[in-house]
**Q** 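First the structure, which I've put down as structure tokens, then a few questions once you've had a look.
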2 protein chains.
Amino acid sequence: MQSDIEISRAATLRPIGQIAAALSIPDAAVEPYGHFKAKIDLSRVPATGKQGKLILVTAINPTPAGEGKSTTSVGLSDALNRIGRQTVLCLREPSLGPCFGTKGGAAGGGYAQVAPMEDINLHFTGDFHATTSAHNLLAAMIDNHVHWGNALDIDVRRIVWRRVLDMNDRALRDIAQSLGGPANGYPRESGFDITVASEVMAILCLATDLHDLEARLGRIVVAYTRDRRPVTARDLKADGAMAVLLAQAIKPNLVQTLEGNPAFVHGGPFANIAHGCNSVIATRTALALGDYVVTEAGFGADLGAEKFFDIKCRQSGLKPSAAVIVATVRALKMNGGVAKADLGAEDVAAVRRGGVNLARHIENVRMFGVPVIVAINRFDGDSAAEIAAIGEIAMALGSEAVLCTHWADGGAGAVALAEKVADLCDHATPQFAPIYDDGLSLFEKINTVATRIYRAEEAIADPGVHAQLKRWEDAGYGALPVCMAKTQYSFSTDPAKLGAPTGHVVPVREVRLSAGAGFVVAICGEIMTMPGLPRVPAAEAIRFGADGEIEGLF
Amino acid sequence: MQSDIEISRAATLRPIGQIAAALSIPDAAVEPYGHFKAKIDLSRVPATGKQGKLILVTAINPTPAGEGKSTTSVGLSDALNRIGRQTVLCLREPSLGPCFGTKGGAAGGGYAQVAPMEDINLHFTGDFHATTSAHNLLAAMIDNHVHWGNALDIDVRRIVWRRVLDMNDRALRDIAQSLGGPANGYPRESGFDITVASEVMAILCLATDLHDLEARLGRIVVAYTRDRRPVTARDLKADGAMAVLLAQAIKPNLVQTLEGNPAFVHGGPFANIAHGCNSVIATRTALALGDYVVTEAGFGADLGAEKFFDIKCRQSGLKPSAAVIVATVRALKMNGGVAKADLGAEDVAAVRRGGVNLARHIENVRMFGVPVIVAINRFDGDSAAEIAAIGEIAMALGSEAVLCTHWADGGAGAVALAEKVADLCDHATPQFAPIYDDGLSLFEKINTVATRIYRAEEAIADPGVHAQLKRWEDAGYGALPVCMAKTQYSFSTDPAKLGAPTGHVVPVREVRLSAGAGFVVAICGEIMTMPGLPRVPAAEAIRFGADGEIEGLF
């Protein structure tokens, strides 16, 4: 069996200008980055008046068995193109840092990949580097402002803007900075997060254009004064330079699937402390160019789909036509209590027990008024009876589950799914709406997600958290949506509670304001914003082989 | 009078493919980055067997009056092309960090610029970001190694590898890292330098190909064991992944001058703790494609030319045919004791007094066996008598000074210079040789540069410095050249001693090993490796204007 990278290298890619031309993007709008990647200058793309149908690919709660959400997104997009539906794919950009840890790349898999894989997984078109630069320029300007007299009266104990690197580096999580004497500023505690956790990344992915980008950057709250007034990036006059640093990054990146279909791979915010979706600009561009647009959201539907609907669609006015929930026999068995080592044996009862997880996600997505179909991403060893059990679970809820083999077969393996999805888009009448209104209090919004989506008894928080939310409401941030940061492995905040737990509460440990991105983050449990490298980092095996090809990256 | 940016924007650039084609670079080797920048894949450029003539542009000691070394390099290159000599320009890439401080851009000026200016001054083709990533991956792998058991027995007190950012940020100069408990590693002191100060940048610019790059990365000494044995990047198995991160960065970047002539802008190491020249790969590529190659080196000839000859040419086997020393009336007057505010008044005596600086640089460059000509970069207000005085100084040494007006007139303003330079290249018989042999001891090499180039009485150092040099000689690093880090404003280590000081000594405060780059740094005086932002950073004025153009960057 060929590895992902072997399959990718064996593919013959079309010059990126051809991919653009097939979407009627004029030549002048195509800014090539090498032969197979391009940024699209939207100021040179004429308005089409077109509004494609938007399809969200989401999943059950992830398990170590793997689900294949990106792979299914690629396969579905290729399959829709195969059946004559002009479709554009929209994915997130992978983070560079984890490539050198354990994770490997993120560009789909098997015969359902986007390419060129090495480029996408390494520096790509530099968007993450630009995000890092813009973020850290703001950080430097804060300390510089304080150093030169602190005219804004920033309370150095209440600077909330950290720095970022696109690197897994635990040594930078907590630092003492500005040591070494007066020339280096006022010593204080701080630290680094990974770039995908930067609010700048979330802003890049929610901004509708360069003007909105600059306005959002200006609204970032970086610190508080001694009397607790927020200090923004605009107060520091950093917003203009940050926008200039992001001028290329905001242009969507066009690449292709292995089957030569168009894919925008653009932006990649964390799915815990941010909303975990590719850029609004890429999605809107795709909708203006294609009849159908397939996109995905991070983690399972409890986090990914909820934020896609309640943050991305709410802010941008996008209206999804259908959702696909990806499930696998193996992951449902794990949700049904089977250990990873025992997944090889057929166990229909375990699939049924774990199926409660799938059932709840189906119910949840429907709450947003979006019709749902289940994609069973087939793995070797799945039995016919196990697959049938998933179908029964979907059927019992009036939905349907379709077996897919795109990993092995490319788009041909997802044609049945594509036909059902196209049918849903063309004939269902979705009534999309977010699950809570802007007018609720911030804590009521948190509680709504906790009780309706996570099915908890309630959300709870210390008085300090309530007081903080109140201060933000008083400062004019009360209309923002909430961005829940909890474990992706469970509906609850306990990663060990698989399936469909009930009776739990959701403790909100901490809240953070992302005023530029436009949401309030509710942190429920331990959330890691700067990963570390493992005992044996993947980096140790990455190098150029004798044939000049990269080894060990994937 | 138009500003640099107005002139640059008014120019009509040729598509980069045309620039490449004019150099006989095959289409398949051109990796475009937008319409006006490209990386050249050298594996797809057939060998030409050609060996162009190499011309170094250097300068007198810099003053606040400005000299215009890059501008003269551009003007000379355009002028050589005007007189029918096929010429390729090689410059360094500017650093992003200083753009947001005070420095502004670095792409020449007036009608002697390389373009596209904004791109070159911002992210360009991502080379500096890749350098930052490779450098910081190695840093993360060091702390990770210690965290997971420290099998190499690294002495955490003797980790010499810091981190880098392409940012002016004084708060990061000295930090305490790995705070926050056992999960974050062992607390220790460290800090960040600006990316151009990274040894990885120096390596990128001295490597001859990807294979040599990886070998050099592997030789980087990052720490010492408790018994003082050096620990290298190869010991940590970081070299392969670092090379993979630099695979695009090592390809030279092709752009054009405003007159449509080819320019490689590639690599940009510091000129103090590194050697301050563009990449060997770019220079060699240019020599294989052009009949003449114009390049420059950082700071004045005491630092820039010396390192160009003793480090870059020594390591790579390049043999320069001629050197141009750039001088201005204003800078010589400052060297002659005139204050900046008084530069407007004609003062021929001051030009003559300051001329000792120029004279010494002429003598020095000739010591390397390279013929010299002086370019007088004319500024408004220079008088004919002042200009004539410079000519007399050059003439007295058997050289010649040529008046240039390329800032105002483009290549046409440097045709007289170009004719003299071409003549030197074609008829002089240069006998290039470095100024010291590999076989001298490290301190003897330092002393040779101090006494012969800086004309000091001697170099001095504490016993600790001598002991450190001895340890490196014992460890096999004795054959390396030395890289002098001292003030650029004076031949001495006192920036206030202008002109041609004598009787001084050169105190070596500290020495550092750059085993991958292949030199030992001798630090003489205060050297800043992480700049800070000024009271009012340039960043505050940088933004998109109403017309969509970037304001405030230059």
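Note on naming: letters A, B, ... go to the chains in the order of the sequence lines (proteins, then strands), and numbering restarts at 1 for each one. Note: hydrogens, waters and symmetry copies are ignored here, and every other heavy atom, side chains too, is used.
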**Q** Name the option with the most non-hydrogen atom pairs under 4.5 Å to chain A; the candidates are B/A243, B/P32, B/S178.
**A**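 That would be B/P32.
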**Q** Could you work out, with salt bridge (Lys or Arg N to Asp or Glu O under 4.0 Å) as the rule, every residue matching A/D119, not counting sequence neighbours?
**A**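 Residues passing salt bridge (Lys or Arg N to Asp or Glu O under 4.0 Å) with A/D119: A/K37.
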**Q** Only heavy atoms, only distances under 4.5 angstrom. Which residues in residues 126-137 of chain A are near chain B?
**A** A/H129, A/A130, A/S133, A/N136, A/L137
**Q** CZ of B/R14: more than 12 outside heavy atoms within 6.0 angstrom?
**A** yes
**Q** Look at A/P537, A/A241, A/A38 and state which one has the largest set of heavy-atom pairs under 4.5 Å with chain B.
**A**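 Sorted descending by pairs with chain B, the first entry is A/A241.
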**Q** Which atoms of B/E214 are under 4.5 Å from chain A, going by heavy atoms: the side chain, the backbone, both sets, or neither?
**A**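 Side chain only.
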**Q** Can you tell me which portion of A/M242 sits under 4.5 Å from chain B's heavy atoms? Options are side chain, backbone, both or neither.
**A** neither
**Q** Which atoms of A/D239 are under 4.5 Å from chain B, going by heavy atoms: the side chain, the backbone, both sets, or neither?
**A**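 It is the side chain, since no backbone atom gets that close.
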**Q** Which bit of A/V30 is near chain B, if near means a heavy-atom gap under 4.5 Å: side chain, backbone, both or neither?
**A** backbone
**Q** Check whether B/M530 gets within reach of chain A through its side chain, its backbone, both or neither, counting any heavy atom under 4.5 Å.
**A**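 It is neither, since no heavy atom gets under 4.5 Å.
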**Q** Would a distance-only check, ignoring hydrogens and angles, find a side-chain to backbone donor-acceptor pair under 3.5 Å from A/H123 to B/L245?
**A**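 Yes, the answer is positive, given that a donor and an acceptor are paired below the 3.5 Å cut-off.
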**Q** Select, from A/A171, A/A238, A/A140, A/S43, the one with the greatest count of heavy-atom pairs under 4.5 Å involving chain B.
**A** A/A171
**Q** Please flag which part of B/L165 lies under 4.5 Å from any non-hydrogen atom of chain A: side chain, backbone, both or neither.
**A** side chain
**Q** Looking at B/E540 and A/L236, what are the two nearest heavy atoms and their distance?
**A**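 It is CG-O, 4.1 Å.
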**Q** How far apart are the closest heavy atoms of A/W148 and B/R170, and which atoms are they?
**A**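 Answer, listing the atom of A/W148 first, then B/R170: NE1-NH2, 3.6 Å.
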**Q** So which residue, B/Q177, B/H211, B/R163, ends up with the most heavy-atom pairs under 4.5 Å with chain A?
**A** B/R163
**Q** Ignoring hydrogens, what is the shortest heavy-atom contact between A/G240 and B/R543? Give both atom names and the distance.
**A** CA-CB, 3.6 Å
**Q** Relative to chain B, which segment of A/A28 carries a heavy atom at a distance below 4.5 Å: side chain, backbone, both, or neither?
**A**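 Backbone only.
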**Q** Could you tell me which non-hydrogen atom of B/G180 sits nearest to which non-hydrogen atom of A/D174, and how far apart they are?
**A**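 Taking every non-hydrogen atom into account, CA-OD2, 3.9 Å.
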**Q** Could you list all the ring-ring contact (aromatic ring centres under 6.0 Å, His included) pairs where at least one residue sits in residues 531-551 of chain A, not counting sequence neighbours?
**A** none
**Q** Among the options B/D143, B/T125, B/V536, B/L533, pick out the one with the most heavy-atom pairs lying under 4.5 Å from chain A.
**A** B/L533
**Q** Do you know which of A/Q248, A/E31, A/R173 has the most heavy-atom pairs under 4.5 Å to chain B?
**A** A/R173
**Q** Is B/A539 close to chain A through its backbone or its side chain, or both, or neither, when contacts mean heavy atoms under 4.5 Å?
**A** both
**Q** Hey, which residues of residues 183-193 of chain A are touching chain B, say heavy atoms under 4.5 Å apart?
**A**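 If one takes a 4.5 Å heavy-atom cut-off, the residues of residues 183-193 of chain A near chain B are A/A183, A/N184, A/G185, A/F192.
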**Q** Heavy-atom pairs under 4.5 Å with chain B: which of A/P534, A/A139, A/G532 has the most?
**A** A/P534
**Q** Relative to chain A, which segment of B/H145 carries a heavy atom at a distance below 4.5 Å: side chain, backbone, both, or neither?
**A** neither
**Q** Is it the case that the side chain of B/N144 and the backbone of A/D169 share a donor-acceptor pair, with hydrogens and angles ignored and the cut-off at 3.5 Å?
**A**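 Side chain of B/N144 to backbone of A/D169: no pair is present.
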